[in-house]
Participant: 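Here it is, the structure in full.
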Amino acid sequence: MHLEGRRDALIVVDLQPDFMPGGALAVAGGDQIAAPIGRLARRFATVVATQDWHPRGHVSFASSHAGRRPFESIALHGGAQTLWPDHCVQGSPGARLHPDLPDEALTLVLRKGTRAQVDSYSGFVENVGPDGTRASTGLGAWLQARGIERVFVVGLARDFCVKATALDAAAAGLQTWVVDDLTRAVDPTQAATVDAALAEGGVRRIDSGELS
Ligand code: VGL
Ligand code: ZN
């Protein structure tokens with residue numbers, strides 16, 4: 001596939017130390033994709049980096065719910081919320097963007113999950129909030145205002161924020177690819193389920209070696 005600067009954007013999802021080995025919510029192999037994503041970013045004229053950026057005591061943290069453990073699920077705002085170890089706390093080292101992501105190549109850094117009572121896996125639309133709706137982050141309109149028609153999604157984690165971001169990009173009318181070799185999953189054993197959801201949502205998959 002031939003990249004076209006005018007209409008293509010790279011979306012780098014949550015490339016942050018807390019999602020890498022040694023981090024608070026470590027994703028196996030997360031560190032292996034940082035340098036190649038950094039190199040790929042230099043080839044795009046439009047690069048959006050999402051940054052998970054939670055206040056202390058965030059509703060997605062198991063530590064915020066008495067008696068709950070990480071990776072349990074609770075009912076929240078009429079939906080289901082997985083509980084996580086404390087991660088990507090605003091201003092903490094684990095919440096920084098990975099240094100292999102060249103700052104000068106980033107067009108937009110979009111912080112998400114910033115509201116204490118609402119999580120956001122997707123860079124486009126938050127998870128369900130207290131009013132029962134999902135709030136837009138504005139990213140779809142931002143991309144459309146720049147004439148972006150196609151987006152390529154990389155980063156962490158494939159089964160949560162990459163999946164949600166790609167599905168919402170496709171739902172926003174963008175032609176959407178997940179660049180498979182530049183993602184890693186929290187639970188790789190569920191890959192078939194994630195792949196089916198992506199296909200169902202109209203998201204295509206590609207390897208970085210196919211981009212020219
Ligand atoms: C993510 C769980 C909690 C992700 C973020 O980036 O996939 N997963 N917060
Ligand atoms: Zn998070």
Participant: Can you find a heavy atom in the side chain of Ile11 that is under 4.5 Å from one in the side chain of Thr165?
Facilitator: yes
Participant: Mind checking whether Leu198 and Lys163 have side chains closer than 4.5 Å, heavy atoms only?
Facilitator: yes
Participant: Any donor-acceptor pair under 3.5 Å linking the side-chain atoms of Gln51 with those of Asp14?
Facilitator: no
Participant: Can you check whether Trp84 and Phe160 have ring centres sitting under 6.0 Å from each other?
Facilitator: yes
Participant: Side-chain contact test, heavy atoms from C-beta onward, threshold under 4.5 Å: evaluate it for Leu97 versus Leu15 and give yes or no.
Facilitator: no
Participant: Answer yes or no: is there a side-chain heavy-atom contact under 4.5 Å between Val13 and Val154?
Facilitator: no
Participant: Is there side-chain contact between His65 and Val59, with at least one heavy-atom pair below 4.5 Å?
Facilitator: yes
Participant: Under 3.5 Å, side chain of Glu210 to main-chain N/O of Asp207, donor-acceptor pair present?
Facilitator: yes
Participant: Side chain to side chain contact (heavy atoms under 4.5 Å, CB included) with Val12: which of Val153, Val109, Ile33, Val47?
Facilitator: Val47
Participant: May I ask you to check whether Gln32 and Arg184 show a side-chain donor-acceptor distance below 3.5 Å?
Facilitator: yes
Participant: If we check side chain to side chain contact (heavy atoms under 4.5 Å, CB included) with Thr46, which of these qualifies: Val151, Leu106, Ile148?
Facilitator: Ile148
Participant: Taking the side chain as every heavy atom from C-beta outward, state whether Trp142 and Thr107 have any pair of such atoms under 4.5 Å apart.
Facilitator: yes
Participant: Counting C-beta onward and ignoring hydrogens, is there a side-chain heavy-atom pair between Val89 and Phe61 closer than 4.5 Å?
Facilitator: yes
Participant: May I ask you to test the Pro188-Arg158 pair for a side-chain heavy-atom distance under 4.5 Å?
Facilitator: no
